[in-house]
Amino acid sequence: MKQASPVYKPSEIEPKWQDCWLRNRTFKARDFDPDRPKLYVLDMFPYPSGAGLHVGHPEGYTATDIYCRYKRMRGYNVLHPMGWDAFGLPAEQYAIETGTHPRLTTEKNIENFRRQIRSFGFSYDWEREINTTDPEYYRWTQWIFLQLYRRGLAYLDEVPVNWCPALGTVLANEEVVNGRSERGNHPVVRKPMKQWMLRITEYAERLLRDLDDLDWPEGIKEMQRNWIGKSSGAEVDFEIVGHSDTIRVYTTRPDTLFGATYMVLSPEHPLLDSIVAPEAASAVREYRQQASLKSELERTELSKTKTGVFTGAYARNPVTEEEIPIWIGDYVMMGYGTGAIMAVPAHDERDFEFAKTFGLPIRCILEPEREAAAAAGLEVEQALAGEACWSGDGALINSANRRGLDLNGLPVAEAKSRTSEWLRQKGLGKAATKYKLRDWLFSRQRYWGEPFPVVYFEDGEAQILDQGELPVRLPELHDFKPSGSGESPLAKAEEWLNYTDPKTGRRGRRETHTMPQWAGSCWYYLRYIDPRNQGQAWDPAKEKYWMPVDLYVGGAEHAVLHLLYARFWHKVLFDLGLVSTPEPFARLVNQGMILGLSYRDRNQHLVPNDLVEARDGQFFHRETGEELEEFPAKMSKSLKNVVNPDEIIAQYGADAFRLYEMFMGPLQAVKPWQTKDIEGLSRFLGKVWRMLIGRDGSLAPEIDDTPLSDEPERILHATIKKVGEDCETLDFNTAISQMMIFVNHFGKAEHRPRAAMESFLKLLSPFAPHIAEELWQRLGHRESLAWEPWPECDEKKLRQSEVEILVQIMGRPKTRLMMPAEADPEQMRQLALADPEVAAAVGGKSIVKVVAVPGRLINIVAKP
RNA sequence: GCGAGAGUGGCGGAAUCGGCAGACGCGCUGGAUUUAGGUUCCAGUGGGGCAACCCGUGGGGGUUCAAAUCCCCCCUCUCGUACCA
């Protein structure tokens with residue numbers, strides 16, 4: 001064994017303890033431990049990119065690691081796993097460019113990620129490591145797809161997708177920016193293609209309702225609510241003049257039906273061809289063609305002026321029985337409601353704009369509330385004249401017909417329900433609820449994803465495979481380029497494509513689409529529970545023991561997609577009796593993004609960091625000499641402000657890195673990384689070291705067994721209390737402050753009682769586990785302190801016999817006096833007034849009032 | 001537009017059951033140790049005033065003995081989202 005170092009050298013002790021934990025399986029989670037309560041703490045697993053870990057990853061991972069280590073010492077049986085979300089586009093793109101198989105790229109990246117993550121000393125149970133690209137994992141992803149299919153929740157549909165002709169592939173919405181491909185900036189058009197869809201809409205109501213009971217950030221819950229987008233209103237049928245069909249619209253404002261002066265259909269509306277008048281046909285055809293070339297994003301973004309054309313057809317307003325023109329316009333989406341609207345220009349901003357553009361009639365049927373209108377800067381007379389739009393509340397006018405509907409004078413809410421009821425009685429419509437949420441497009445035309453367990457027979461029939469035929473493995477390929485026809489690269493794997501039904505001998509062709517990256521992450525938290533199970537996705541007994549996830553930490557960028565998809569799958573599994581909880585993640589915390597430091601010139605232009613020179617605390621452009629302003633910005637390759645964790649660990653050690661990231665500020669806050677600041681934490685660890693280790697490398701001579709005197713004892717117990725409380729609430733920044741206060745005191749003390757030192761190391765160990773283990777060992781212990789019981793705070797030791805009391809005169813601080821801690825208000829008053837300085841300040845004035853808060857302050861209110 | 005969150009020293013941040021604003025750290029200033037640099041240690045560090053004191057938590061108003069914290073109005077920034085009928 002090497003001679004014990006006299007100075008703190010993280011590079012020596014950190015690998016030593018990481019090996020030790022791994023070898024001894026220190027952090028193995030035990031199924032069904034009868035003696036300890038379970039705790040499941042989950043990190044969002046990373047996509048192992050070629051760039052390696054960035055400083056954002058270890059932020060959340062450090063937080064959960066501290067929490068887990070703390071909870072173990074509190075007697076919990078902790079499940080804390082890590083794995084790899086390893087399917088995805090970058091590895092495939094790299095394969096197209098270089099011919100390297102994505103599996104090789106992925107393996108290499110995982111190895112690098114694993115090395116980096118281990119270098120932080122996180123207390124994962126590595127025996128539960130999973131990888132979504134492992135056939136033994138995706139076997140069960142495919143199996144869950146079978147369950148979805150059998151429940152009727154997976155179906156094939158011809159839907160418009162983002163098709164990029166230049167790239168020869170379909171793109172996800174996230175991959176399309178302003179109607180062009182994110183990669184290469186090629187145009188993207190909408191093209192209908194047959195796709196697998198998942199019926200997430202069937203779960204819309206439960207996904208919405210069950211949010212209420214989750215311990216999640218309110219912002220994330222609100223985002224999911226908005227995404228699901230529940231609204232209630234009515235469906236109304238409009239008959240088409242001279243036509244047998246009717247057009248059904250959805251409206252949240254059935255009360256405004258009397259103001260519906262025209263109708264607008266989506267350009268994709270199926271009834272369009274049969275109703276369009278011959279003289280309008282060519283204009284309609286041209287408009288539809290143009291609309292189809294726009295991506296959905298474009299359609300919504302270029303929203304300044306409304307466009308549309310008249311179809312030449314008319315519908316009959318069911319309450320006024322007037323004939324109203326039917327238009328088409330791309331501000332109406334086929335994907336929401338019924339793809340058709342009744343337009344009430346007087347009371348809907350969008351319809352108002354459209355009506356103004358095309359000179360359509362605007363009829364006010366609602367007198368705005370005077371006060372609300374004034375607050376909105378609207379003149380009621382204008383609204384009444386149809387010159388302004390009012391979508392707020394008020395009293396209905398001009399809203400009665402001869403068929404028994406009279407809304408005049410009613411407020412909006414009552415008019416709504418009255419109209420819905422009238423429509424229902426007349427068979428013209430009914431109350432209805434809609435959601436913005438759409439079914440989940442689940443196909444990707446890619447190689448590097450889970451193959452579908454699906455075969456198409458020669459007659460076109462799609463059939464799912466038996467569980468016994470899983471996993472459907474990805475075939476070996478050498479050319480990963482898209483086929484160009486919109487088919488996946490898998491269409492090139494000829495041998496693999498051909499399928500013969502083992503039972504019937506029928507010949508078929510395998511599905512060439514693969515699943516999106518979300519698939520693997522939809523259920524990975526369940527596989528961690530039983531990661532090596534070959535017979536089933538997980539053992540139900542183990543699931544029951546470990547679920548739900550007690551704490552889930554990750555970035556807010558997954559607020560909607562991943563978290564909504566996973567909740568959806570989980571609910572399906574719950575309905576199938578495969579999991580025991582209706583929700584997967586009981587408590588969710590989002591760590592804030594870590595920004596890099598960047599620079600900009602006078603014109604707000606960003607300057608890459610390698611062009612910046614620092615002089616006397618100011619910053620200048622290396623080439624132009626211009627003074628630059630420092631500001632925090634997202635880390636990016638182009639700004640050259642990316643911080644590499646490997647370099648930081650090499651220089652300061654993992655413990656300092658961990659402490660720094662936690663000390664930066666609240667976990668949830670966005671924070672700028674400033675490498676200079678990490679030195680403060682490095683110094684702190686140096687002080688911890690010197691508090692215990694003397695110059696010669698042996699224990700510091702100040703360490704002895706003298707009993708603690710009052711003040712040091714109070715500091716010790718205050719630290720135990722503060723660190724423990726902060727670990728529960730994840731307020732690690734203030735816990736670290738308190739430990740600094742401890743070390744600032746004891747590091748200078750003549751006597752450093754061994755017991756206090758040991759308690760402190762336990763408090764420090766979740767935060768800086770390597771140095772804590774090393775010093776714990778040097779204090780003579782043989783076992784890891786990972787399972788030592790957490791120190792108990794003795795409240796009695798926190799009490800002081802004398803406390804400093806602030807004396808205020810008229811609410812302003814005057815002086816501070818030592819008083820007995822238990823002094824009551826009257827005693828405090830006497831003690832304060834006895835003080836010469838106070839007496840002088842009060843002298844000659846009459847005391848109006850004295851407010852005394854025992855243990856804190858006393859305020860004397862005096863008037864001349 | 002809508003939704004969510006946030007504005008505190010030169011910087012990161014602390015203190016929000018109303019009770020000493022600026023804990024802790026970075027930076028900075030001065031000193032000690034060191035051949036020197038670094039390290040380490042000590043002292044100081046919101047602004048103004050030699051001082052008593054005054055001013056200070058985005059701005060304005062209010063409640064209170066007492067407001068960063070509670071109430072009203074306004075401004076700015078960040079994130080998310082966007083013709084959802």
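Proteins come first, then strands; the chains are lettered A, B, ... in the order of their sequence lines, and each starts at number 1.
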Are there more than 12 heavy atoms of other residues, nucleotides or ligands under 6.0 Å from atom CD of A/E826? yes

Need the glycosidic conformation of B/rG9: syn if within 90° of 0, anti if not. Which one? syn

Could you go through the ring-ring contact (aromatic ring centres under 6.0 Å, His included) check for A/Y599 and A/F631 one step at a time? CA-CA 6 Å; A/Y599 303 87; A/F631 79 106; 8.0 Å; no

Opposite nucleotide pairing with [N], Watson-Crick or G-U, both atom distances under 3.5 Å:
{"N": "B/rG5", "answer": "B/rC77"}
{"N": "B/rA14", "answer": "none"}
{"N": "B/rG19", "answer": "B/rC65"}
{"N": "B/rU57", "answer": "none"}
{"N": "B/rG38", "answer": "none"}
{"N": "B/rG44", "answer": "B/rC28"}

Whole angstrom is fine here: how far is it from [atom1] in [X] over to [atom2] in [N]?
{"X": "A/R812", "N": "B/rA66", "atom1": "CZ", "atom2": "P", "answer": "10 Å"}
{"X": "A/D255", "N": "B/rA85", "atom1": "CG", "atom2": "C1'", "answer": "13 Å"}
{"X": "A/I736", "N": "B/rG12", "atom1": "CD1", "atom2": "C1'", "answer": "13 Å"}
{"X": "A/Q651", "N": "B/rG38", "atom1": "CD", "atom2": "C1'", "answer": "13 Å"}
{"X": "A/F663", "N": "B/rC26", "atom1": "CZ", "atom2": "C1'", "answer": "9 Å"}
{"X": "A/L211", "N": "B/rA4", "atom1": "CG", "atom2": "P", "answer": "15 Å"}
{"X": "A/W673", "N": "B/rG13", "atom1": "CH2", "atom2": "C1'", "answer": "16 Å"}
{"X": "A/D351", "N": "B/rC83", "atom1": "CG", "atom2": "P", "answer": "14 Å"}

Distance check: side-chain N/O of [X] vs OP1/OP2 of [N], anything under 4.0 Å?
{"X": "A/N733", "N": "B/rA14", "result": "yes"}
{"X": "A/N226", "N": "B/rA4", "result": "no"}
{"X": "A/Y250", "N": "B/rA85", "result": "no"}
{"X": "A/K849", "N": "B/rA66", "result": "no"}
{"X": "A/R683", "N": "B/rC41", "result": "no"}
{"X": "A/K676", "N": "B/rG27", "result": "yes"}
{"X": "A/R690", "N": "B/rU39", "result": "no"}
{"X": "A/R856", "N": "B/rC17", "result": "no"}

Ignoring hydrogens and angles, answer whether the base of B/rC41 and the side-chain atoms of A/K748 contain a donor-acceptor pair closer than 3.5 Å. no

Does the base of B/rC65 carry an N or O that pairs as donor and acceptor with the side chain of A/N859 under 3.5 Å?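 Result: at least one qualifying N/O pair found.
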
Please figure out whether A/Q674 or A/V853 has its closest RNA chain B nucleotide nearer the 5' end. A/Q674

Considering heavy-atom distances to RNA chain B, does A/W227 or A/G680 have its closest nucleotide positioned more toward the 5' end?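 Whichever sits nearer the 5' end wins; that is A/G680.
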
Are the charged groups of A/K416 and A/D255 less than 4.0 angstrom apart, N to O?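 Salt bridge: no.
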
Carboxylate-amine/guanidinium proximity below 4.0 Å for A/E661 and A/R658: no

Nearest of [options] to any side-chain atom of [X]?
{"X": "A/Q808", "options": "B/rG3, B/rA85, B/rG19", "answer": "B/rG19"}
{"X": "A/K306", "options": "B/rG80, B/rC83, B/rC53", "answer": "B/rC83"}
{"X": "A/E804", "options": "B/rC65, B/rA23, B/rC20", "answer": "B/rC20"}
{"X": "A/P813", "options": "B/rC20, B/rC26, B/rG80", "answer": "B/rC20"}

Determine the interatomic distance between P on B/rA68 and the same-named atom on B/rG9; round to the nearest Å. 14 Å

Using atom P in both nucleotides, what's the gap between B/rG30 and B/rC54 to the nearest angstrom?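 Each nucleotide's P atom is 32 Å from the other's.
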
Decide yes or no for [X] and [Y]: does some side-chain heavy atom of the first lie under 4.5 Å from some side-chain heavy atom of the second?
{"X": "A/L588", "Y": "A/D215", "result": "no"}
{"X": "A/Y565", "Y": "A/W440", "result": "yes"}
{"X": "A/D237", "Y": "A/L428", "result": "no"}

Is A/S231 touching bases, backbone alone, or none of the nucleic acid, heavy atoms closer than 4.0 Å?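 The residue A/S231 makes sugar-phosphate contact but no base contact.
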
Verify the ring-centre separation between A/F354 and A/Y331: is it less than 6.0 angstrom?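 Here the rings of A/F354 and A/Y331 have centres that are less than 6.0 Å from each other.
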
